Trainee: 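Mind looking over this structure? Questions follow.
It should be emphasised that the depicted structure is a prediction, and the values quoted were computed from it without experimental measurement.
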Amino acid sequence: NNANIKGEEIGGIIAHIGEGYLQSVLIEDCENNGKISGNGSGSEDSNLAGIANLYDDCSIEEIRITKCKNNGELTATAGTVAGILLTSSGSEENIIDSCENNGAIFVTGDLSAIAGIVCATDDNMIVSNCINNGAIEAKEIKEIDSVAGILIGHVAEISNCMNNGAIQVEEIEKDEEVMFADRIYVSGIVAGGSEEKINECTNNGTITVKNSFGAVAGILAASNAQNISISKCNNYKDIIYESRVIESQYTVYKEEFIGGCVASYSEGIDIVMNECNNYGKLDIKTKNDAFIGGVASIDSYYSMSMILEECNNEGEIEVDSFKNSIVCGIAYGDNYNHYEQKNQCSIVNCNNIKDINVTLHSADITESKIYGIGMYGKNSTNTGNLKNDIGENILVTDFGSNAEIHICGIGANGEKCTNTGNITAKIRTCLWNRRRCSRLCKYRKCYCRKWNYILESKINKRELLQVVPFYLSCS
């Protein structure tokens, strides 16, 4: 197809089959070069796909799309947009292989989802050898659920896929005093999902999210993740995130998650990551409680299991924090209900080699933690320098006496881990795991037996309190 198309239900090759039943849909070696524009607005959605729009009431048993390419630009002001396939047919088997999107996607207004390759409500999506080269730009957004370079939906398996397109999301200013705030999920590869296998996928597109609130990552941003296996995936580009203030009476509904490879909040999760790496800088400005990991940031309301093996962070982490935060060189992992039986988190044979800088911009902050490795490290190392700073209009003495300001070369727990990075802090902190020695005072000697290390520091308004080069290990 070389023609430009405008309407509400559009596909570059096929669209809107209607009601009924089809045993299979096979699309192979097709190409769209025409510009596709949606004219939906308000309550009228525009559902657009560069190749196939199967977003209708037709029941399809099998969908198979191979060797297809979209080169046309897609624009919309409402609805759902995908570079290759848009489907809600309830198919039992969906195979998307060797497809490519080169068309830029521009959207404004109220959007459900945007993906470079596939948006699907179907289960059992198998996506392989696909590339998105098209930039995704979502500006002046009123509402949006998910944005991904490759796929949005429930994935059975995604492998050998690559996103090269930059992703930009910017929501309009809004006053939100809500009981439950809706998170946005943005990722270079996959957003959403339940049971997933993600293998050998790469994000080469810079991700920028502004005036928003949600979970952002290079590989997977998950809202309903349960059983996930991720191996040999890499994020090479920067993640730039700036949030808006969320007012809610429920703390858990105003938390943000940013990870170099994975960011997830769900009711229950089991995730295993092997040989996954982040090389992009995390440049974060948080206005709500935030959890940040160089490789992963994962939380669960109920039980969770998180295992990272041979994963590395080689991207700097820069955080401007206006609320509470936990920042980890490798991974943050925890669950909201700590009394649940299943809460196994481990970071094994992982390394953080880049610096972490966190600046606190509010004296109302009651918790700020910087961990070189993460929550539960084993046989892992941190060589990055850690720095805790305060904003220009804040004095050290402005913080409450019960404020927990921690900075640690290793993490909350460690076994056979090593830190060789320098630590610089303007607030009295404790370098030992779980020891709460961060009550503010004018002079304190802190003896942390497990580390066999003595730290002395003074608090005197803006003076640099600690610049500590040292070697730290735990047995």
Side-chain angles (χ1 to χ4, degrees), residues 1-13 15 31-53 55 68-86 99-119 130-152 162-174 184-189 191 203-212 214 216 221 237-242:
N1 172 57
N2 295 313
N4 296 332
I5 309 173
K6 185 175 182 179
E8 293 180 4
E9 297 288 342
I10 310 174
I13 302 299
E31 186 169 325
N32 173 63
N33 297 309
K35 180 178 178 179
I36 296 177
S37 303
N39 60 4
S41 62
S43 61
E44 298 295 329
D45 288 346
S46 294
N47 298 313
L48 316 180
I51 299 296
N53 177 2
Y55 201 76
C68 291
K69 184 182 293 186
N70 174 59
N71 299 314
E73 180 183 294
L74 295 95
T75 61
T77 57
T80 306
V81 183
I84 300 295
L85 170 67
L86 180 62
C99 292
E100 184 176 325
N101 175 56
N102 298 311
I105 299 175
F106 299 100
V107 298
T108 60
D110 294 330
L111 278 298
S112 296
I114 310 164
I117 301 295
V118 179
C119 283
C130 292
I131 299 174
N132 175 56
N133 295 314
I136 298 175
E137 186 175 300
K139 292 190 175 181
E140 297 182 7
I141 297 298
K142 296 179 182 178
E143 298 290 341
I144 192 167
D145 294 330
S146 303
V147 180
I150 300 295
L151 182 141
I152 293 172
M162 181 180 294
N163 173 56
N164 298 319
I167 298 174
Q168 298 182 59
V169 179
E170 186 170 352
E171 298 188 66
I172 63 172
E173 293 287 344
K174 62 183 76 173
I184 181 175
Y185 294 85
V186 182
S187 170
I189 303 297
N203 177 54
N204 292 317
T206 299
I207 299 173
T208 304
V209 179
K210 292 187 176 182
N211 197 36
S212 191
V216 181
K237 289 296 185 177
D238 296 350
I239 296 175
I240 302 164
Y241 177 81
E242 182 177 338

Trainee: List the atom of Ala82, the atom of Ile117, and the distance in Å for their closest heavy-atom pair.
Mentor: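 Closest approach of Ala82 to Ile117: CB-O, 3.9 Å.
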
Trainee: Test side chain to side chain contact (heavy atoms under 4.5 Å, CB included) on Lys139 and Gln168 and set out the steps.
Mentor: CA-CA 8 Å; Lys139 292 190 175 181; Gln168 298 182 59; 3.7 Å; yes

Trainee: Heavy atoms, side chains only, cut-off 4.5 Å: are Thr80 and Leu86 in contact?
Mentor: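 Result yes, sub-4.5 Å side-chain heavy-atom pair found.
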
Trainee: Identify the heavy atoms of Ala191 and Val147 that sit nearest to each other, and give their distance.
Mentor: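 Shortest heavy-atom separation between Ala191 and Val147 comes out as CB-O, 4.0 Å.
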
Trainee: Nearest 0.5 angstrom please: Glu100 CD to Glu31 CD, how far?
Mentor: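 One finds 9.0 Å between CD of Glu100 and CD of Glu31.
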
Trainee: In terms of side-chain geometry, is the basic nitrogen of Lys35 or Glu73 positioned less than 4.0 Å from the acidic oxygen of its partner?
Mentor: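 Salt bridge between Lys35 and Glu73, a charged N being under 4.0 Å from a carboxylate O: yes.
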
Trainee: Could you report the tightest heavy-atom contact between Ala115 and Ile105, atom names first, then the distance?
Mentor: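 Smallest heavy-atom distance, with atoms named: O-CD1, 3.7 Å.
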
Trainee: With a 4.5 Å heavy-atom cut-off, do Val216 and Ile207 have their side chains touching?
Mentor: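 A side-chain contact exists here, since the closest heavy-atom pair is under 4.5 Å.
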
Trainee: Take Asn47 and Glu8 through the test side chain to side chain donor-acceptor pair (under 3.5 Å) and record every step on the way to the result.
Mentor: CA-CA 6 Å; Asn47 298 313; Glu8 293 180 4; over 6 Å; no

Trainee: With rounding to the nearest 0.5 Å, note down the distance linking CG in Asn101 to SG in Cys130.
Mentor: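 Atom-to-atom, Asn101:CG and Cys130:SG are 10.5 Å apart.
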
Trainee: Roughly how far, to the nearest 0.5 Å, is CG of Asn70 from CD1 of Ile36?
Mentor: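 It is 6.0 Å, given to the nearest 0.5 Å.
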
Trainee: Between OG of Ser37 and CD1 of Ile5, what distance do you get to the nearest 0.5 Å?
Mentor: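 The CD1 atom of Ile5 is 9.5 Å from OG of Ser37, to the nearest 0.5 Å.
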
Trainee: Step by step, would you call Val81 with Val107 a side chain to side chain contact (heavy atoms under 4.5 Å, CB included)?
Mentor: CA-CA 9 Å; Val81 183; Val107 298; 4.1 Å; yes

Trainee: For the pair Val209 and Glu242, evaluate side chain to side chain contact (heavy atoms under 4.5 Å, CB included) and give the outcome as yes or no after the intermediate values.
Mentor: CA-CA 6 Å; Val209 179; Glu242 182 177 338; over 6 Å; no

Trainee: Evaluate the criterion side chain to side chain contact (heavy atoms under 4.5 Å, CB included) for residue pair Lys69 and Asn102; output intermediate values, then yes/no.
Mentor: CA-CA 8 Å; Lys69 184 182 293 186; Asn102 298 311; 3.7 Å; yes

Trainee: Would you check if Leu48 and Asn53 make a side-chain contact, meaning some heavy-atom pair closer than 4.5 Å?
Mentor: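 SC-SC contact between Leu48 and Asn53 ruled out.
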
Trainee: Hey, are Thr77 and Thr108 close enough side-chain-wise for a donor-acceptor pair under 3.5 Å?
Mentor: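 No pair is found: no donor N or O on one side chain lies under 3.5 Å from an acceptor on the other.
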
Trainee: How close do Asn132 and Gly149 get, counting heavy atoms only, and between which atoms?
Mentor: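 Scanning both residues completely, I find the closest heavy atoms to be CB-O, 3.2 Å.
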
Trainee: Out of Asn164, Asn163, Asn204, which one pairs with Asn133 under the side-chain hydrogen bond (donor to acceptor under 3.5 Å, both in side chains) rule?
Mentor: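 Passing option: Asn164.
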
Trainee: Looking only at heavy atoms, which two atoms of Glu171 and Asn211 are closest? And how far apart?
Mentor: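 What the structure gives for the nearest pair is O-ND2, 2.8 Å.
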
Trainee: Flag the pair Asn1 / Ile13 as yes when at least one side-chain heavy-atom distance between them is below 4.5 Å, and no otherwise.
Mentor: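 Yes, close enough: below the 4.5 Å cut-off.
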
Trainee: Would you say the side chain of Val169 lies within less than 4.5 Å of the side chain of Ile184, judging by non-hydrogen atoms?
Mentor: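 Answer yes - side chains close enough.
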
Trainee: Roughly how far, to the nearest 0.5 Å, is CG of Asn32 from CG of Asn4?
Mentor: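 Those atoms lie 9.0 Å apart.
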
Trainee: Judged by atom type as modelled, is there a donor-acceptor pair below 3.5 Å linking the side chain of Tyr241 to the main-chain atoms of Gly214?
Mentor: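 Yes; judged by distance alone, with no hydrogens or angles, the pair exists.
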
Trainee: Between Ala49 and Ile84, what is the shortest heavy-atom contact and its length?
Mentor: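 So the minimum-distance heavy-atom pair works out to CB-O, 3.8 Å.
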
Trainee: To the nearest 0.5 Å, what is the distance between SG (Cys99) and CD1 (Ile131)?
Mentor: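 So the gap between those two atoms works out to 10.5 Å.
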
